[in-house]
Amino acid sequence: MTDRIKRTTVRDALRSDHEMEEILIKGWIRTRRDSKTFSFLEINDGSCLKNLQVIVDEGIADRAIMENVATGAAVSVIGRLIPSQGKNQTWEVTAKNLELIGKCAPSYPLQKKGHSVEFLREIAHLRPRTNLFGCVFRIRSRLAQAVHQFFQQRDFFYIHTPIITAGDCEGAGELFKVTTLDPVANKSRIEEQSYHKDFFGKPTFLTVSGQLEAEVFATSLSNVYTFGPTFRAENSNTSRHASEFWMIEPEMAFYDLQDNMDLAEAFIKELIRQVLTTCEEDLSLLGKFVDRGLQDRLNFVLERPFTRIRHSEAVTLLKSANQSFEFPVEEGLNLQSEHERWLTEKHFKCPVTIYNYPSKIKPFYMRRNDDGQTTAAMDVLVPGIGEIIGGSQREERLDYLLENMTTHGLKEEDYDWYLDLRRYGSVPHSGFGLGFERMLMFVTGITNIRDVIPFVRTPGNAEF
RNA sequence: UCCAGAGUAGCUCAAUGGUAGAGCAAGCGACUGUUAAUCGCUAGGUUGUAGGUUCAAGUCCUACCUCUGGAGCCA
């Protein structure tokens, strides 16, 4: 019987502009309230935040079935969609037929009332069934879509850079080693010897960035972007770091640092605009229970230009700040979290783009400025999260690049193909990396990165 | 990895070194076009782990584990 009618999602049912004599709804029961001769079921199928209220009169389903129609169970309902007599919904369904698809054991850990995000993290396989995580992951999907939309509208090409890479890019940061060798069986061997027998015949790692590969395509297709998983084996235990995360890395030929900063700002604003206009309902829940000022803050960021200051100006501001910092502020030193927070949260109270960083604290591929002291690097900082974008104009001049590699202790032969880009028709180009989860944290108000990734990987944790 | 804090019922939390408690959830019942429904009853515990101090440890000490917040690394 149920096979002949097309299933309607809860979202479509609640958006209906007319009564429906017969509707088929499938989903999970969020809660049940019993009256003397009938029951109220709240059904959610994840298609939207809201539940659909179903009225089941006595006798519609067997007593044995009704006993199992409880919180968490999966059901199928055929009934009439009619205007609701109740207060909290416009439409409701009076059931003509109720089937139990999958019953729910009484040990089901999700209750009607609020759970802490810490507890829900332990049951990551069930947490998308909560209002909060349903909202987060619907928004995550929209945000990913918005990323592609932004670049595709600007004729950028989406490049799939490798996840397994050879060689440890710029020697910085801890990498995950990829190997088919058994570390126990080979423990007595010298590492170099073992690599000859390894799958790729050389050391390989999970990617920490697709940037160098993206540069290949920027110097051929002009405007490109990557959007994929990224891996860092750093022992970072903070609310803003994960071992596996998603990063977006646009790379543009003929862009200088100014162009790069302009694009970064337009990108962040467009992502916010998309979420504001397409995720209104989900945002409203987050605005109510997670971050009271969420929508106001997003609108505020959208309307104002980001503040842009040179690193040296930031240092001057911080030095004259009427605030004592734990760490010293010095020209030539990197800014600490507390300094970034002061700039973006206390002083400017908006996103801040800092550029022209001291050369010695930046990697080899960034372009040297004419002053000889700074590089054409830029970071975008946002209130509450800190660094959300890091980028630069790349060093397109072969001789300077080689010089940088020497000072960073890198071997020329390891970057031969990268250097070829400078040998054969080199052009100025720029790019940046945006942490997808950090952006999602910013638009949802969620303060821990573990709560915006479906299945988080952090040091010591690879569950599910 | 470093600093700080916390681990007690399924969840959120109480408990001067002296018999382990509540709210919610669950189970049973009553009531009701209800909507975080309401009311009554029932059950639920090796107090993170291992040692130690003490007549007596959830409570004090040591080590370890896990989680949370902050720092560093960064996106």
Side-chain angles (χ1 to χ4, degrees), chain A residues 30-43 50-57 67 70-72 82 84-89 92 94 104-123 126 130-131 170 172-174 208-211 226-249 264 289 325-327 334-341 361-363 379-382 385-391 432-442 447-453 458-461 463:
Chain A
R30 279 296 175 77
T31 177
R32 167 179 171 173
R33 295 177 293 276
D34 287 327
S35 189
K36 188 157 199 167
T37 57
F38 57 92
S39 299
F40 294 102
L41 304 181
E42 298 257 357
I43 298 188
K50 289 204 173 82
N51 305 323
L52 181 62
Q53 176 165 284
V54 174
I55 290 89
V56 184
D57 280 323
E67 272 175 16
T71 304
I82 58 166
S84 177
Q85 300 172 34
K87 285 174 198 159
N88 297 344
Q89 61 277 318
E92 65 185 18
T94 52
C104 184
S107 56
Y108 189 54
L110 295 178
Q111 305 167 7
K112 288 175 219 174
K113 296 195 179 181
H115 286 292
S116 66
V117 289
E118 290 83 6
F119 169 67
L120 292 170
R121 243 172 249 159
E122 296 170 15
I123 49 169
L126 296 174
T130 63
N131 284 341
E170 68 182 282
E174 299 295 314
V208 293
S209 165
Q211 182 205 313
T226 74
F227 182 9
T230 309
F231 307 87
R232 307 270 167 96
E234 258 114 36
N235 192 8
S236 302
N237 289 287
T238 81
S239 56
R240 318 179 292 288
H241 291 86
S243 311
E244 176 182 313
F245 62 100
W246 286 62
M247 184 155 66
I248 297 126
E249 295 178 287
F289 294 111
F325 295 109
E326 192 188 338
F327 294 94
N334 216 345
L335 299 177
Q336 304 286 319
S337 278
E338 58 173 344
H339 306 143
E340 296 181 347
R341 272 211 309 276
I361 59 170
K362 287 294 177 184
D379 281 0
V380 178
L381 315 175
V382 296
I385 291 163
E387 184 176 345
I388 198 167
I389 278 180
F432 60 82
L434 171 88
F436 184 64
E437 283 78 15
R438 288 191 183 170
M439 187 64 203
L440 191 53
M441 288 167 74
F442 188 66
T447 53
N448 195 313
I449 197 166
R450 290 161 238 251
D451 298 327
V452 297
I453 305 182
T458 48
N461 182 14
E463 289 300 306

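Throughout, protein chains are lettered first and strands after them, A, B, ... in sequence-line order, and every chain is numbered starting at 1.
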Return yes if the base of B:C67 and the side-chain atoms of A:Arg450 contain a donor-acceptor N/O pair under 3.5 Å, otherwise no. no

Expressed as a whole number of angstroms, how long is the span from A:Leu335:CG to B:G72:P? 11 Å

Report the distance from atom CZ of A:Phe432 to atom P of B:A75, rounded to the nearest whole Å. 13 Å

A:Phe327: what forms a ring-ring contact (aromatic ring centres under 6.0 Å, His included) with it, not counting sequence neighbours? none

Does RNA chain B take part in any stems of at least 3 consecutive Watson-Crick or G-U pairs (both distances under 3.5 Å), and if so, which ones? B:1-7 with B:65-71, B:10-13 with B:21-24, B:26-30 with B:38-42, B:48-52 with B:60-64

Closest of B:A37, B:U34, B:U68 to the A:Phe40 side chain is B:U34

Using modelled atom types and a 3.5 Å cut-off, is there a donor and acceptor pairing between side-chain atoms of A:Glu338 and backbone atoms of A:Glu326? yes

To the nearest 0.5 Å, what is the distance between CD1 on A:Ile388 and CZ on A:Phe442? 6.5 Å

So, under a plain 3.5 Å distance rule, would you say the side chain of A:Glu234 forms a donor-acceptor pair with the base of B:U1? no

Result for 5'-nearest mapping on RNA chain B, choosing between A:Asp34 and A:Arg438, is A:Asp34

Please give me the minimum heavy-atom distance between A:Asn131 and A:Arg30, naming the atom from each residue. OD1-NH1, 2.7 Å

Write down the distance separating the C1' atoms in B:U38 and B:U46, rounded off to the nearest Å. 38 Å

Can you tell me if A:Ser35 touches the phosphate of B:G33, counting only side-chain N or O atoms and a distance under 4.0 Å to OP1 or OP2? yes

Report the distance from atom CG of A:Asp451 to atom P of B:C67, rounded to the nearest whole Å. 14 Å

Just by protein heavy atoms under 4.0 Å, how would nucleotides 7-12 of chain B read 5' to 3' in B, S and -? ---BSS

Closest non-hydrogen contact found for A:Val208 with A:Met247 is O-CE, 3.8 Å

Which nucleotide in B:G33, B:C74, B:A71 has an atom nearest any side-chain atom of A:Arg341: B:A71

P spacing across the pair B:C41 / B:G5, given as an integer number of angstrom: 42 Å

Look only at the side chain of A:Ser236 and the backbone of A:Thr238, and say whether a donor-acceptor pair between them is shorter than 3.5 Å. no

Walking RNA chain B from its 5' end, the first of A:Glu326 and A:Arg232 to be reached, judged by nearest nucleotide, is A:Glu326

Distance between C1' atoms of B:A56 and B:G17 (Å, rounded): 8 Å

Can you tell which of A:Asp34, A:Asp57, A:Ile55 makes a side-chain contact (heavy atoms from CB on, under 4.5 Å) with A:Ser39? A:Asp34

Output the rounded distance in Å from CD (A:Glu437) to C1' (B:C74). 13 Å

Between B:C2 atom C1' and A:Gln336 atom CD, what is the distance in whole Å? 14 Å

C1' spacing across the pair B:G45 / B:G58, given as an integer number of angstrom: 11 Å

Within the 4.0 Å heavy-atom criterion, would you say A:Ile389 contacts the bases, only the backbone, or no part of the nucleic acid? sugar-phosphate

Shortest non-hydrogen pair, A:Leu126 vs A:Leu110, comes out as O-CD1, 3.4 Å

Check the distance between B:G29's C1' and A:Glu67's CD and give it to me in whole angstrom. 14 Å

Using a heavy-atom cut-off of 4.0 Å across all strands, would you classify A:Gln89 as base, sugar-phosphate, or nothing? base

Whole-angstrom distance between B:A15 and B:C3, as gauged at atom C1': 30 Å

Within residues 236-246 of chain A, residues whose heavy atoms come under 4.0 Å of RNA chain B: A:Ser236, A:Asn237, A:Thr238, A:Ser239, A:Arg240, A:His241, A:Ala242, A:Phe245

What pairs with A:Phe436 under ring-ring contact (aromatic ring centres under 6.0 Å, His included), at least two apart in sequence or on another chain? A:Phe227

If you compare all heavy atoms of A:Gly433 against all heavy atoms of A:Glu249, which two are closest, and at what distance to 0.1 Å? CA-CG, 4.0 Å

Spacing of A:Asn461 atom CG relative to B:C65 atom P, expressed in whole Å: 16 Å

Assign A:Gly86 to base, sugar-phosphate, or nothing according to its heavy-atom contacts below 4.0 angstrom with the strands shown. base

Rounded distance in Å between the C1' positions of B:A9 and B:C13: 11 Å

Would you tell me if any nitrogen or oxygen in the side chain of A:Asn235 comes within less than 4.0 Å of OP1 or OP2 on B:G72? no

In whole angstrom, give me the gap between the C1' atoms of B:U62 and B:C24. 37 Å

Euclidean distance for P, B:A43 against B:G10 (whole angstrom): 16 Å

Can you tell me how far the CD atom of A:Glu42 sits from the CZ atom of A:Arg33, to the nearest 0.5 Å? 4.5 Å

I need the minimum non-hydrogen distance between A:Gly391 and A:Asp379, along with the two atoms involved. N-OD1, 4.2 Å

Does a side-chain N or O from A:Arg33 land closer than 4.0 Å to OP1 or OP2 of B:A37, or not? yes

Tell me, please, which residues at least two apart from A:Phe38 pass ring-ring contact (aromatic ring centres under 6.0 Å, His included). A:Phe40

Closest heavy-atom pair and its distance - A:Ala242, A:Ile453: CB-CD1, 3.9 Å

To the nearest angstrom, the CD-P distance between A:Gln53 and B:A36 comes to 11 Å

